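For reference, the structure is listed below as structure tokens.
All values below were derived from every heavy atom in this structure, side-chain atoms included, with hydrogens, water molecules and symmetry-related copies excluded. All figures in this text were calculated on a predicted structure; none of them were measured in a lab.
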Amino acid sequence: MDLPQRAFQVAVPVALAVSLLVVRRLDRPRGRWGRRLRSRLLLGVPWGTATTVVLVAAVYLGLQGGFSTPRSPLHLPFTSWSYLYPLGVLTAPFSHQSLGHVTGNLLGTIVLAPLAEYAFSHFPTERGSSTFATWRTNPYVRAFLVFPAGVLAVGLLTSVFAWGPIIGFSGVVFAFAGFALVRYPMATVVAYVARDMVGTLYHVLRDPIVTGSASSSFGPPWWAGIAIQGHLLGFLLGATVAAALVSGRSKHEIPSALRLWTGAVFVGSNMTLWAVWWYREGGYVLYRGAGLVLVVVLALLLATIVRAGDEPIPGGLTKRQLGIVALLFPILTMGFVAVPLNATMIDEPEAPEASIEVNDYTLTYATQVTDPRSPAINETVVGETAQINASGVIVTSDRRSLWTEAISAGQLAYDGERVTKVGGVGWSRSVTAIRDGWRVVGNATVYQVALRPAGENATWVYASSPKRAEPKIAGQTVTIRPDNGTFTAAVATDDGAVEKSGLPAQNESVTIGNLTLTTEDDRLFAETNDTRVRVATRETYE
């Protein structure tokens, strides 16, 4: 690391510390800040948040092997593939796909969970309640057991009621936001801004100076990776629990409707609750207009419910209780969709022509295959089909009800080599996917794919169809064919005669029929007499 990098890594935290000292000096709180924290948090510390952070970090570093490979944790066996695979359902809400994934969710937890915990309070808030009268009012129980138990419960609900496979703690982070909004809407907005600031600080401390250049990349749009249904479920769960907890309070103890609505709109918009998307033939579609309407309606519903009075209505409920029931309705609706979807046994796909086995996992490469889960959700959603086609490295496991595109065809075409991991509790195995190909002039690329488990030889599991180059030389054409790790050329004449040979090595030539094929600088040339044309170029990768 060079000197400017180290200088900024020191300067940034020093600048923050000095700024906070100056602000404290200007405000002269004289212990007021600490007293407010200690009035609701045991010793002024959000112990439940700290316990939660330790739990999520322990799952990532220990169970997923992130301690030894922080950037590439084992995640396939800890994803909620189906109710038929309970381990995935139990571990998915606390596991993550990457270092960036877990870091983002932990940052959200660090800034939003303390506010939710402050609203929850370690000490009883009802008048006349004694701190140590029962276990429910004991601050140690509430800090170290009740709050973490609530976090675990919400996490499991986001996994059980997910629409298809999920992994990640983000549903619980949204629950923190929904819970905190009911009591402190504007503070929640500030907390979310603080989350972005803490994230920026984290990246600055890692890399104070970043250089880069324009480059191409492959991947779906960023919003297609958002588990919107899980986020919405978490947000509603948090808001519902908070609304129930304040149901006995008078209106003057609850934020105004304007504050509730404004806070919900700002937080919902900035936490991308508007990113409602679905699959479309060949890609994805984002309904952000409908998504923003959803955020506004949720904000209005939340403000109306929380500000509703305790006046009784026909049926024995109060207005606020009826509102809480209204919040439960979308949660139950999502559950009714999720339960049959996750309880359905996926159709067993056709056996691949070539594959490798790693314990209970089968890995292969395929193009335009239908995800076997599609029949379970194969219905039209506002004109869009739910059928999902995949191309790339496919990983399956009957034991785990697992079927997934672990490496997309586009990613492998961009990188040339990609690694995925399979495993289970206490073991993992890396498998490298390798692509080799030639771009044929006037036609598509001819390529083949091999899979190599760590410590073993590579197995070629896929070969594309042969492709004929567009140029015609002295009435002859050249076709490139993949052949179990090598490539051959076939030269055809107008009368149908065909001759074949392996492609020449670098800076070498081979004669096939009346053509001489030469490889120079990863380019394949065909020549006869005074005619020389390029017919293919070796595929290169980033």
### Query
Where the side chain of Thr477 meets the backbone of Lys472, is there a donor-acceptor pair that is under 3.5 Å apart?
no
### Query
For Asp360 and Ser397, does a side-chain donor sit closer than 3.5 Å to a side-chain acceptor?
yes
#### Entry: Within-4.5 Å side-chain heavy-atom neighbours: Val53 and Ile110
yes
### Message
Can you tell me which residue among Leu517, Leu515, Leu503 is in a side-chain contact (heavy atoms from CB on, under 4.5 Å) with Val510?
### Response
Leu517
### Query
Could you go step by step and tell me if Thr396 and Trp403 meet the side-chain contact (heavy atoms from CB on, under 4.5 Å) rule?
CA-CA 4 Å; Thr396 63; Trp403 193 103; 3.2 Å; yes
### Task
Would you indicate whether Phe487, at its atom CZ, is surrounded by more than 12 heavy atoms from other residues, nucleotides or ligands within a distance under 6.0 Å?
yes
### Task
Report the C-alpha separation of Tyr361 and Thr420 in whole Å, then their side-chain angles, then the decisive distance to 0.1 Å, and conclude whether the side-chain contact (heavy atoms from CB on, under 4.5 Å) test is met.
CA-CA 12 Å; Tyr361 293 90; Thr420 189; over 6 Å; no
### Message
One pair to check against ring-ring contact (aromatic ring centres under 6.0 Å, His included): Tyr447 and Tyr462. What are the steps and the verdict?
### Response
CA-CA 8 Å; Tyr447 70 97; Tyr462 178 83; 5.6 Å; yes
#### Entry: Any donor-acceptor pair under 3.5 Å from Lys421 side chain to Ser72 backbone
yes
### Considering all heavy atoms, the nearest Glu499-Ile512 contact
O-CG2, 3.3 Å
### Distance (rounded to the nearest 0.5 Å) between Met271 CE and Phe235 CZ
8.5 Å
### Message
Could you check whether any side-chain heavy atom of Arg439 comes within less than 4.5 Å of a side-chain heavy atom of Thr540, counting everything from C-beta outward?
### Response
yes
### Query
Can you tell if the side chain of Gln64 reaches within under 4.5 Å of the side chain of Val59, non-hydrogen atoms only?
yes
### Task
Working to the nearest 0.5 Å, report the span between CZ of Arg400 and CG of Leu87.
7.5 Å
#### Entry: Min side-chain heavy-atom separation Leu106-His96 under 4.5 Å
no
### Summary
Scanning both residues in full, the closest heavy-atom pair of His231 with Gly171 reads CD2-N, 4.3 Å
### Heavy-atom check, side chain of Asn105 versus side chain of Val56, under 4.5 Å
no
### Summary
When every non-hydrogen atom of Asp522 is compared with those of Trp438, the smallest separation belongs to O-CZ3, 3.8 Å
### Task
Kindly say whether Glu508 contributes a backbone atom to a donor-acceptor pair with the side chain of Thr519 at under 3.5 angstrom?
no
#### Entry: Distance-minimising heavy-atom pair for Phe336 and Pro340
O-CD, 2.9 Å
### Message
Do His75 and Ser95 pair up side chain to side chain, a donor and an acceptor below 3.5 Å, judged on atom types alone?
### Response
no
### Task
Decide yes or no for Val337 and Gln229: does some side-chain heavy atom of the first lie under 4.5 Å from some side-chain heavy atom of the second?
no
#### Entry: Check: Lys467 side chain, Ser465 main-chain N or O, donor-acceptor pair, under 3.5 Å
yes
### Message
Within a 6.0 Å radius of atom CG on Asn457, are there more than 12 heavy atoms belonging to other residues, nucleotides or ligands?
### Response
no
### Query
To the nearest 0.5 Å, how far apart are CD1 in Ile480 and OG in Ser464?
11.0 Å
Between side-chain atoms of residues 151-167 and protein atoms elsewhere (two or more places apart, or another chain), which donor-acceptor pairs fall under 3.5 Å?
| from | atom 1 | to | atom 2 | distance (Å) |
| --- | --- | --- | --- | --- |
| Thr158 | OG1 | Gly155 | O | 2.6 |
| Ser159 | OG | Val89 | O | 2.8 |
| Trp163 | NE1 | Met334 | O | 3.1 |

### Task
Please check if the side chain of Tyr365 supplies one atom and the backbone of Trp460 the other of a donor-acceptor pair under 3.5 Å.
no
### Between OG on residue Ser509 and CG on residue Leu524, distance to nearest 0.5 Å
9.5 Å
#### Entry: Derivation and outcome, side-chain contact (heavy atoms from CB on, under 4.5 Å), residues Thr432 and Val419
CA-CA 4 Å; Thr432 303; Val419 177; 3.6 Å; yes
### Query
Looking only at atom types and distance, does a side-chain atom of Trp274 sit under 3.5 Å from a main-chain N or O of Arg288, one as donor and one as acceptor?
no
### Task
State whether the number of non-hydrogen atoms from other residues, nucleotides or ligands found under 6.0 Å of Asp483 atom CG is greater than 12.
yes
### Flag side-chain contact, heavy atom, 4.5 Å: Glu456 against Arg429
yes
### Task
Evaluate side-chain contact (heavy atoms from CB on, under 4.5 Å) for Val395 paired with Val431, printing each intermediate quantity in order.
CA-CA 11 Å; Val395 180; Val431 179; over 6 Å; no
### Task
Please list, chain by chain and in numerical order, all residues satisfying ring-ring contact (aromatic ring centres under 6.0 Å, His included) with Tyr192, sequence neighbours excluded.
none
### Query
Of Val285, Ile226, Leu232, Leu294, which is the lone residue that meets side-chain contact (heavy atoms from CB on, under 4.5 Å) with Val276?
Leu294
### Query
Taking Gln448 for the side chain and Asp436 for the main chain, is one N or O donor matched with an acceptor at less than 3.5 Å?
no
### Task
Compute whether any side-chain donor of one residue and acceptor of the other, for Glu470 and Asn443, lie under 3.5 angstrom apart.
no
### Query
Are Tyr287 and Ile228 side-chain neighbours, meaning at least one heavy-atom pair lies under 4.5 Å?
no
### Message
Within this structure, what is the CZ-OG1 distance for the pair Arg532 and Thr516, rounded to the nearest 0.5 Å?
### Response
10.5 Å
### CZ/Arg468: more than 12 non-hydrogen atoms of other groups inside 6.0 Å
no
#### Entry: Shortest non-hydrogen separation from Pro471 to Arg534 and the atoms involved
CG-O, 4.0 Å
### Message
Any side-chain to backbone donor/acceptor pair from Ser82 onto Asn342? Under 3.5 Å, distance only.
### Response
yes
### Message
Quick check on Tyr541: does its OH atom have over 12 non-hydrogen neighbours (other residues, nucleotides or ligands) under 6.0 Å away?
### Response
yes
### Query
Do you know the tightest heavy-atom contact between Ile407 and Ala433?
CD1-CB, 4.0 Å
### Backbone N/O of Leu76 and side chain of Trp81: donor-acceptor pair under 3.5 Å
yes
### Thr69 OG1 to Leu74 CG distance, which is reported to the nearest 0.5 Å
8.5 Å
